Asker: 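Starting off with a structure, shown below.
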Number of protein chains: 2
Amino acid sequence: MARPKTATLATAVQAAADQPLDQSLLLSLVGYNCRRAYLTIMPHFEERMSKLALRAVDFSVLSILKANPNITQKRLSHAVSVSAPNLAILLDKLEQRGLVLRQRNPLDKRSQTLVLTSEGLKLCAKAETTVANLEQHATAMLTENERQKLLQLLQKIFVEGN
Amino acid sequence: MARPKTATLATAVQAAADQPLDQSLLLSLVGYNCRRAYLTIMPHFEERMSKLALRAVDFSVLSILKANPNITQKRLSHAVSVSAPNLAILLDKLEQRGLVLRQRNPLDKRSQTLVLTSEGLKLCAKAETTVANLEQHATAMLTENERQKLLQLLQKIFVEGN
DNA sequence: TATTGTTATACTCTATAACTATA
DNA sequence: TATAGTTATAGAGTATAACAATA
């Protein structure tokens, strides 16, 4: 009664090939969708920022230091979610490029405080302009209201989800 | 007229330490917020799925194969954004665990088609239940309407942003 | 003793090049 | 000649352990 197995498989394979892919379960998960959106935006980011030789995490560091001069590495480490050992290396490179200055904290000589150099400030300002343009481009399919709503909902997750 | 530099620095450092951290620029960027939300959800995911010995990408593969039996590795590779070499290794492991079956495609013997074994199906069903619970927990701060809106906006980005 | 930051190192993830088998 | 999949390997990113200096 049963047809040969290969014939059965061939039929099933043909049927599968003819179907559009069903990803409905994954598409119902916020985490999955966050990742997909992130992975869509990042190549645009990387392409534009490569001209300034900045990765996303480098930009985060510069931007936070611009808005918060003289914070400690400890605090920066927490803000950008980079472990202390990895941040040390990252800061070595920014310091070698003359963008950041590490200073021993006079109030607690265990820690170091961070400021942008004037060159770091200039590069950060340029990067922030680039990022603002990129943001418009990457979210061009959203109205400004939708973009604000999206930011608000995402922030609910990581502010209240901790 | 100028005070000693260390005193100036001490004052600035103290002021910085007293301020709440200003992250306003980063918080205005969709990509950054996607990443933060993703990084908030993932530890919950990993903790619960570790009991089933599944990483996020393993779950994605099982879930897609459950909904799309007999698709080729090529198609799966594209769906989960894992390169062919890395997918081969990933599938080796799932096959060794008896969760997935690779079959030479009778319609084109270059390719292989994939199905879950009965054990793979069982584990995937269990994982999908776990994930559904996790989703409720991870997004408990959102109303169901907000959660749906969030999914819709994120999907706009990666559907229309390509 | 505890904390900040550093060094060294290991582990995971992702990317690339070269190969086999099939079309 | 092109494609599907594999193997081997390299690189980036992240995590951990041990240490020095300071509190």
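Quick note on labels: first sequence line is chain A, next is B, and so on, each numbered from 1. Because the structure is a prediction, the values reported are computed rather than measured.
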Asker: Pair A:Lys66, B:Asp22 - check salt bridge (Lys or Arg N to Asp or Glu O under 4.0 Å), show working.
Answerer: CA-CA 9 Å; A:Lys66 174 159 174 272; B:Asp22 177 359; over 6 Å; no
Asker: If you check the A:Pro85 side chain, which of C:dG5, D:dA4, D:dA17 turns out closest?
Answerer: D:dA17
Asker: Can a side-chain donor-acceptor contact be found between A:Asp18 and A:Gln14 if the only test is distance below 3.5 angstrom?
Answerer: yes
Asker: How many Å lie between CG on B:Asp92 and C1' on D:dA8, as a whole number?
Answerer: 13 Å
Asker: Measure from CG on A:Leu91 to C1' on C:dT7 and round the result to the nearest Å.
Answerer: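 Result: 15 Å.
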Asker: Indicate, with a heavy-atom threshold strictly under 4.0 Å, whether B:Arg75 touches base, sugar-phosphate, or nothing.
Answerer: nothing
Asker: Could you check how far CE of B:Met42 sits from P of C:dT12, rounded to whole Å?
Answerer: 16 Å
Asker: Can you tell me the distance, in whole Å, between the CG atom of A:Leu87 and the P atom of C:dA8?
Answerer: 18 Å
Asker: Within the structure, does a side-chain N or O atom of B:Arg35 lie under 4.0 Å from either OP1 or OP2 of D:dG13?
Answerer: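 Checking D:dG13 against B:Arg35, no side-chain N or O comes under 4.0 Å of OP1 or OP2.
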Asker: Rounded off to whole Å, could you give me the CG-to-P distance for the B:Leu107 and D:dA4 pair?
Answerer: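 To the nearest whole Å, that distance equals 14 Å.
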Asker: What is the distance, to the nearest angstrom, from the NZ atom on B:Lys93 to the C1' atom on C:dT12?
Answerer: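 For the pair B:Lys93 NZ and C:dT12 C1', the rounded distance is 9 Å.
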Asker: Classify the angle between the aromatic ring planes of B:His137 and B:His44 as parallel (below 30°), tilted (30 to 60°) or perpendicular (above 60°).
Answerer: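 The arrangement is tilted - the two ring planes meet at 30° to 60°.
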Asker: Does a donor on one side chain sit under 3.5 Å from an acceptor on the other, for A:Gln148 and A:Gln152?
Answerer: no
Asker: Looking only at the side chain of B:Lys109 (C-beta and beyond, no hydrogens), which of the listed nucleotides C:dC13, C:dA23, D:dA23 gets closest?
Answerer: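 The closest nucleotide is C:dA23.
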Asker: Picking from C:dG5, D:dA15, C:dT22, which would you name as closest to the side chain of A:Ser83?
Answerer: D:dA15
Asker: Between A:Arg110 and B:Ser111, which residue's closest nucleotide on DNA chain D lies nearer the 5′ terminus?
Answerer: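 First, find each residue's nearest nucleotide; the 5'-ward one identifies B:Ser111.
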Asker: How long is the line joining NE2 of B:His78 and P of D:dT3, in whole Å?
Answerer: 15 Å
Asker: Which is true for B:Asn86 with a 4.0 Å heavy-atom rule: it touches a base, it touches only sugar-phosphate, or it touches nothing?
Answerer: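 Base contact.
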Asker: Looking at C:dA21, I'd like to know if its phosphate oxygens (OP1 or OP2) sit under 4.0 Å from a side-chain N or O belonging to B:Gln112.
Answerer: no
Asker: So A:Asn133 and A:Arg48, do their side chains get closer than 4.5 Å, heavy atoms only?
Answerer: yes
Asker: Without decimals, in angstroms, what is the distance between A:Gln73 CD and D:dA21 P?
Answerer: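 It works out to 17 Å between those atoms.
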Asker: Within the structure shown, what part of the strands sits under 4.0 Å from B:Arg104 by heavy-atom distance: base, sugar-phosphate, or nothing?
Answerer: nothing
Asker: When we call it a touch if two heavy atoms are under 4.0 Å apart, what does A:Asn105 touch: a base, just sugar-phosphate, or nothing?
Answerer: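 Nothing, no nucleic acid heavy atom in range.
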Asker: A:Asp108 or A:Arg55: which one's nearest nucleotide on DNA chain D is closer to the 5' end?
Answerer: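 The 5'-side residue here is A:Arg55.
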